[in-house]
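Presented below is the structure to which this report refers.
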Amino acid sequence: MSKPSKPNEPLVTHIYTADPSAHVFEGKLYIYPSHDLDHVMVSNDNGDQYDMEDYHVLSMDDVTAPAVDHGEALHLRDVPWASQQMWAPDAAFKNNTYYLYFPARDHDGIFRIGVATSANPAGPFKAEPNYIPGSYSIDPAVFVDEDGKAYMYFGGLWGGQLEKWQTGEYVANGEGPAPTAPAIGPRVAELNDDMLTFKETPKEISIVDEDGSPITAGDEDRRYFEGPWMHKYNGKYYLSFSTGSTHKIVYAVGDHPQGPFTFKGTILTPVLGWTTHHSIVEFNDKWYLFYHDSSLSGGADNKRSVKYTELKYNEDGTIQTIEYNK
Ligand code: FUB
C-alpha cells in the first residue's frame, strides 16, 4: 500500500529495511537499504542476528511521495563468492552503469565486498563472479568526487571483523588496540575507472581531535565503529559514521577525500535499537539524513526501518545535531 512519505516515519512498512544509502539518480531519490528478515534471532556481539539474503531498492519522486519498493534487486543465491549475511550496501553511477556495492561473508566466513551492475538504478543487478580483490570487512560507501575520481570507504568493528585486518592480512584472533592507543580507522581506496577494482591497497583513515591527537580506541563516544559515509559541502569533505557501542552518528571534516579528518560532533543521537546507520544527500536544494531505527518492530535489533529527516548546517559549516524522537 503506498502512502505519502513523512519525516521520521518508516518509508515502507511491508518489509523491514536498514542501513539506507540515499542517492539522487535520474532526478529521483533512490535508497539502497539492507533488507532485514522478519525472523526471530538472538542478538550477539558478532551480529549473527543480521542474517539477510537479498536487497530491495526503494525510490521516491520527492520526499513527500510514497516510497516505491522495486522488488528483489540482488539475491545471495546469485552471488557466486558469497555464503551469507548481505549487510549494508551502497550504489554509485559512472560509465552509464549503476554499481551496487555490498558486503557478505565469503565461503570461509570472511567478510568481503562485492559489486553488481545494472543499467537501471532500481536493478536488477548482476553480481561479478568474485569479490573485489583486496576488499575486506563491511559497510562500503562509494563517493564520486567532482573530478570524477571514485573512492570506497569501508570497515566495521566486532562482527564486521575490522580488528582482524590490522596487519593488512586476515588474523583470525586479531583484537582491537588498548583503550589509550589510537582507534582503528575506517579504510579508503580509490577505485579504478572500471568501478570494479581498487586502484590501490586500502589505507587506514586518520581521525584526530581538534588538537591533532588521534581519537583513541577507548573514546567510544567519538571513535570509528562502522557505517562510513562521505559527502562534500562547500568544498570540504565530511566523513560521518556510527560510534557503535555508544550508538551515535558523528562526523569529522577534512580537506581531502582520503583525510585526515578532524572530529566535529554528533549528527544523530541514539535511536531505538542497537545499530545506527545513515547517509546524507542533497536533493532539491535541501539536505537530508536517511537513518534507521527499530520502532516498527517494537525494538527488535534485527528488524529495522528506514526513515529520513532534514539535516541543517550552521554558518560555520558544522552540522546541527538531530535529537532522535521515538
Ligand atoms: O545491517 C547489518 C549491519 O548492522 C550493518 O552492516 C551495520 O552498519 C549495522 O547497521
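Below, all heavy atoms of this structure are taken into account, side chains as well, without hydrogens, waters or symmetry copies.
Closest of all the heavy-atom pairs between Thr197 and Pro133 is CG2-CD, 4.5 Å. In terms of heavy-atom proximity, Ser137 sits nearest to Gly155 at OG-CA, 3.4 Å. Considering all non-hydrogen atoms of both residues, Leu74 and Ala116 come closest at CD2-CB, 4.1 Å. For the pair His277 and Gly227, the tightest heavy-atom approach, listed with the atom from each and the gap, is CE1-CA, 3.7 Å. Smallest separation of non-hydrogen atoms from Leu58 and Asp69: CD2-CA, 3.8 Å. Nearest approach of Ser240 to His278, heavy atoms of both residues: OG-NE2, 2.7 Å.
Side chains of Thr97 and Asn95: a donor-acceptor N/O pair is absent below 3.5 angstrom, by distance only. Judged purely by distance below 3.5 Å, without hydrogens or angles, the side chains of Lys164 and Tyr170 never pair a donor atom with an acceptor atom. Counted by atom type alone, Asp293 and Tyr324 present one or more donor-acceptor pairs between their side chains at under 3.5 Å. Judged purely by distance below 3.5 Å, without hydrogens or angles, the side chains of Gln85 and Arg105 pair a donor atom with an acceptor atom. Glu220 and Ser245 form a side-chain donor-acceptor contact under 3.5 Å, judged by distance and modelled atom types alone. A donor and an acceptor atom, one from each side chain of Asp301 and Gln49, are nowhere located under 3.5 Å apart. Between the side chains of Asn120 and Ser118, no donor-acceptor pair is found at a separation under 3.5 Å. A donor-acceptor contact under 3.5 angstrom links the side chains of Thr246 and Thr243, judged on distance only.
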Check step by step if side chain to side chain contact (heavy atoms under 4.5 Å, CB included) holds for Asp139 and Phe154. CA-CA 5 Å; Asp139 290 2; Phe154 64 93; 5.7 Å; no

Take Tyr224 and Leu162, measure what side chain to side chain contact (heavy atoms under 4.5 Å, CB included) needs, and give me the verdict at the end. CA-CA 11 Å; Tyr224 178 81; Leu162 190 55; 4.3 Å; yes

Before giving the answer on side chain to side chain contact (heavy atoms under 4.5 Å, CB included), spell out for Ile249 and Phe241 the whole-Å C-alpha distance, their side-chain angles and the decisive distance to 0.1 Å. CA-CA 5 Å; Ile249 299 292; Phe241 54 91; over 6 Å; no

Test side chain to side chain contact (heavy atoms under 4.5 Å, CB included) on Tyr32 and Leu100 and set out the steps. CA-CA 8 Å; Tyr32 299 83; Leu100 180 71; 3.8 Å; yes

Run Ser59 and His70 through side chain to side chain donor-acceptor pair (under 3.5 Å) and show every step you take. CA-CA 8 Å; Ser59 72; His70 294 272; 2.7 Å; yes

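Tyr233 has its ring centre less than 6.0 Å from the ring centre of Tyr313. Between Tyr55 and His35, the ring centre distance reaches or exceeds 6.0 Å. If you look at Trp274 and His247, their ring centroids are closer than 6.0 Å. Ring centroids of Phe25 and Tyr98 are separated by less than 6.0 Å, placing the two rings close together.
Of the inter-residue distances, the one linking Trp229 atom CH2 with Leu239 atom CG reads 12.0 Å to the nearest 0.5 angstrom. Here OH of Tyr30 is found 13.0 Å from NE2 of His23. Values are rounded to the nearest 0.5 Å. Taking CZ of Phe225 as the reference point, atom OG1 of Thr275 lies at 10.0 Å (rounded to 0.5 Å). The line from CZ of Arg304 to OG1 of Thr17 is 9.0 Å long, rounded to the nearest 0.5 Å. The OH atom of Tyr291 sits 9.5 Å away from the OG1 atom of Thr276 when rounded to the nearest 0.5 Å. Within the model, atoms CD1 of Ile205 and CD of Gln258 stand 7.5 Å from one another, a figure rounded to the nearest 0.5 Å.
Counted within 6.0 Å of NZ on Lys312, heavy atoms from surrounding residues, nucleotides or ligands total 12 or fewer; the atom is thus considered open. Under a cut-off of 6.0 angstrom, the local environment of CG in Asp193 is sparse, with at most 12 non-hydrogen atoms contributed by other residues, nucleotides or ligands.
No continuous path of hydrophobic side-chain contacts links Tyr50 to Leu272 [ILVMFWY only; heavy atoms under 4.5 Å]. The cluster map of Ile, Leu, Val, Met, Phe, Trp and Tyr, joined by side-chain heavy atoms under 4.5 Å apart, puts Ile31 and Tyr308 in the same cluster. No path of Ile, Leu, Val, Met, Phe, Trp and Tyr side chains, each step under 4.5 Å between heavy atoms, connects Tyr237 with Ile267, placing them in separate hydrophobic clusters. Hydrophobic cluster membership is shared by Tyr288 and Leu29, with clusters built from Ile, Leu, Val, Met, Phe, Trp and Tyr side chains linked at under 4.5 angstrom.
Under a 4.0 Å N-O distance rule, the pair Asp36/Lys303 does not qualify as a salt bridge. A salt bridge is defined here as a Lys NZ or Arg NE, NH1 or NH2 lying under 4.0 Å from an Asp or Glu carboxylate O, and Glu9 with Lys307 fails to meet this definition. At a threshold of 4.0 Å, the pair Arg77-Glu72 counts as salt-bridged, since one of the basic side-chain nitrogens sits closer than that to a carboxylate oxygen.
Test Tyr131, Trp165, Phe198 against Tyr136 for ring-ring contact (aromatic ring centres under 6.0 Å, His included) and you get one pass: Trp165.
Legend: residues meeting side-chain hydrogen bond (donor to acceptor under 3.5 Å, both in side chains) with Asp48, ordered by chain and number and at least two apart, are Asn44, Asn46.
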